[in-house]
Number of protein chains: 2
Amino acid sequence: MRDVAAASGVSQATVSFVLNDAPGQTIPAATRERVRRAADELGYRPHSIARALREGASRIVVLEAGGLPRGHHLSSFIAGLDEELGAAGFGLLVSYGEGVSARAAITAIEPRAVIDLPAVCAGPDHDVADGGWIDGMVAHRLVQLRHLVARGHRAVAVAVPAGDDPFLALMAGQVRDAAEELGLPEPLPLVVDGDPEKPVGALKAGVTAVAALTDDLALGVLAVLADTGLSAPGDLAVIGFDDTPHGALWRPALTTVRLDARAYGRRTARTLLGLPVGDARPAPARVIERASA
Amino acid sequence: MRDVAAASGVSQATVSFVLNDAPGQTIPAATRERVRRAADELGYRPHSIARALREGASRIVVLEAGGLPRGHHLSSFIAGLDEELGAAGFGLLVSYGEGVSARAAITAIEPRAVIDLPAVCAGPDHDVADGGWIDGMVAHRLVQLRHLVARGHRAVAVAVPAGDDPFLALMAGQVRDAAEELGLPEPLPLVVDGDPEKPVGALKAGVTAVAALTDDLALGVLAVLADTGLSAPGDLAVIGFDDTPHGALWRPALTTVRLDARAYGRRTARTLLGLPVGDARPAPARVIERASA
DNA sequence: TTGTAAGCGTTATCAC
DNA sequence: GTGATAACGCTTACAA
């Protein structure tokens, strides 16, 4: 920066003002041009560590994604964040809650902000922090259930994991809400734990279709079904949620719903940066119809 | 740090010396103790940004994992890195090559080192940088092929992806080497692209078993097999490599080989830190026998 | 309109 | 043995 200042015959302060479009400064266009060119020719890159020291935080945003189902939704949400943050000159780091050194790295970075997605979802004021993702979720679950209803199913179960994860519990609630809105009987929970008795029991209870919280849970249902000689969609229709890449590899290939999480990512980024959310309107959820439902 | 110095009645420099065990300094035990206690009581944490500015690089190591097959091996390698780096007070960040903002973040961090795993594998001197992982790989492929040989197979094909990825090309070479070492005929490549003709062709050519480069490729083979009414292991035995979590969900469940990448991660970290590799001896590769081979 | 200088929290080089 | 002090590269209040 000193070199740029010298090369353009101004002081370091002026260089900083020009390069950061500092508001409240009135610098003639000629000077700005000179500084810009010099910076360009010298290949000047701001030293982000020095900047972070000065500003008290780096220009990096961290997304805590530990415990979230990995798949199309998450990567797409990330892609959306990435676009907007990248455009604003911010960096994005995704943490899957791996281990000590990962935590160490995150704290060492002094991020400008950290988006703790699971926590945000559990909290009361989602929309401010996730671009409306969670709040729109019931609508997406409607898409999932409507697919089943359109195929004549009314007695549906919801495939849930064995442990209790707050995030997935929330999702389960959304499925129930969606079912209510469609006037369906309350969906029975179908715990996916490898026990073949579970789906058999559901079948006996009159269930004809399963809406899974995630694709991997749907795959789990498909697996135990196959183990007991039953098959989808004949004996039990199964629909996933997320469109993981490997859902397509299964036989029967998994029918699932895919949503435009990218738009939510963009919105999240924009509200975080204090920008107007703008035109990023999420596309409606889509059923990816394959074989299982 | 200033506060700690004041509280223990020494200068900032002394605090720094004590807290970093600076070599070549002779500080009385009493002073050290006083400083340590003061730091503790005040809850002093070194400011990593300031340190990075001073040292010219942050205490963070970046692992570039873009393009690598995700699964047990990668996460296990990461876990190994994590342990050793964490113990040494370093942070680890894993980049899956997501997008602009991720790159921006990485450069903003000024990492102490970046391990570009795909590049390292392509390069000539792996062992220095990956803890011997790649060089030991032929041995692991032997485990994969031996499982097939022990079941009476000799005509094996190797499942490869449609595009050409340098990393996967390297892996294919290792399978060929392993086959040669076992005195098997050169394995035919079986391109996994969703075309059911491919495995049928292999069958006609007398192939009785497939060793896949990765689990996902194995799953791809299983899928087209199912599409043509054939099944594993009856018509064609299929063995994967990596033990991805969803391989177990398939029916037939995927037989695969799992290796102790964690140890390689630890070795990588230690050589990177200039430490002796020590006792981290990788456990031998293990076949996870399920149903497909 | 531009320049000067202080300061962010460390670490390292010297005197003492 | 310990303590000033300078530097790392940047931003910004204030002076000119």
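In what follows, every chain begins at residue 1, and chains take the letters A, B, ... in the order their sequences are listed.
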Does any non-hydrogen side-chain atom of [Y] lie less than 4.5 Å from one of [X]?
X         : Y         : result
Val10(A)  : Ile27(A)  : no
Thr214(A) : Thr244(A) : no
Leu217(A) : Pro161(A) : yes
Leu81(A)  : Val94(A)  : no
Met171(B) : Arg141(B) : yes

- prompt: What parts of residues 9-22 of chain A reach DNA chain C, counting only heavy atoms under 4.0 Å away?
  reply: Gly9(A), Val10(A), Ser11(A), Ala13(A), Thr14(A)
query: Where along residues 31-45 of chain B does a heavy atom fall under 4.0 Å from DNA chain C?
result: Tyr44(B), Arg45(B)
query: Centre of Phe90(B)'s six-membered ring, under 6.0 Å away, within 45 degrees of the axis: is that where NZ or CZ of Arg112(B) sits?
result: no
Roughly, in whole Å, what's the span from [atom1] in [X] to [atom2] in [N]?
X        : N       : atom1 : atom2 : value
Asp3(B)  : dC8(C)  : CG    : P     : 12 Å
Arg2(B)  : dG3(D)  : CZ    : P     : 16 Å
Gln25(A) : dA15(D) : CD    : P     : 15 Å
Ile49(A) : dT11(D) : CD1   : P     : 13 Å
Arg51(B) : dG9(C)  : CZ    : C1'   : 10 Å

query: Is the ring centre of His73(B) less than 6.0 Å from the ring centre of Phe241(B)?
result: yes
- prompt: With under 30° as parallel and over 60° as perpendicular, where do the rings of His246(A) and His246(B) fit, or are they tilted in between?
  reply: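 Rings of His246(A) and His246(B): parallel, under 30°.
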- prompt: Toward the 5' end of DNA chain D, which comes first, Glu55(B) or Pro28(B), by nearest nucleotide?
  reply: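 It is Pro28(B) whose nearest nucleotide is closer to the 5' end.
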query: At under 4.0 Å, does any side-chain N or O of Arg54(B) touch on OP1 or OP2 of dG9(C)?
result: no
query: Will you find, in the side chains of Thr256(A) and Asp243(A), an N or O donor that is under 3.5 Å from an N or O acceptor?
result: no
message: Considering every strand and a 4.0 Å limit on heavy-atom distances, what is the contact class for Leu53(B): base, sugar-phosphate, or nothing?
response: base
statement: Taking dT2(D), dT2(C), dT10(C) as options, the one with an atom nearest any side-chain atom of Ile27(B) is dT2(D)
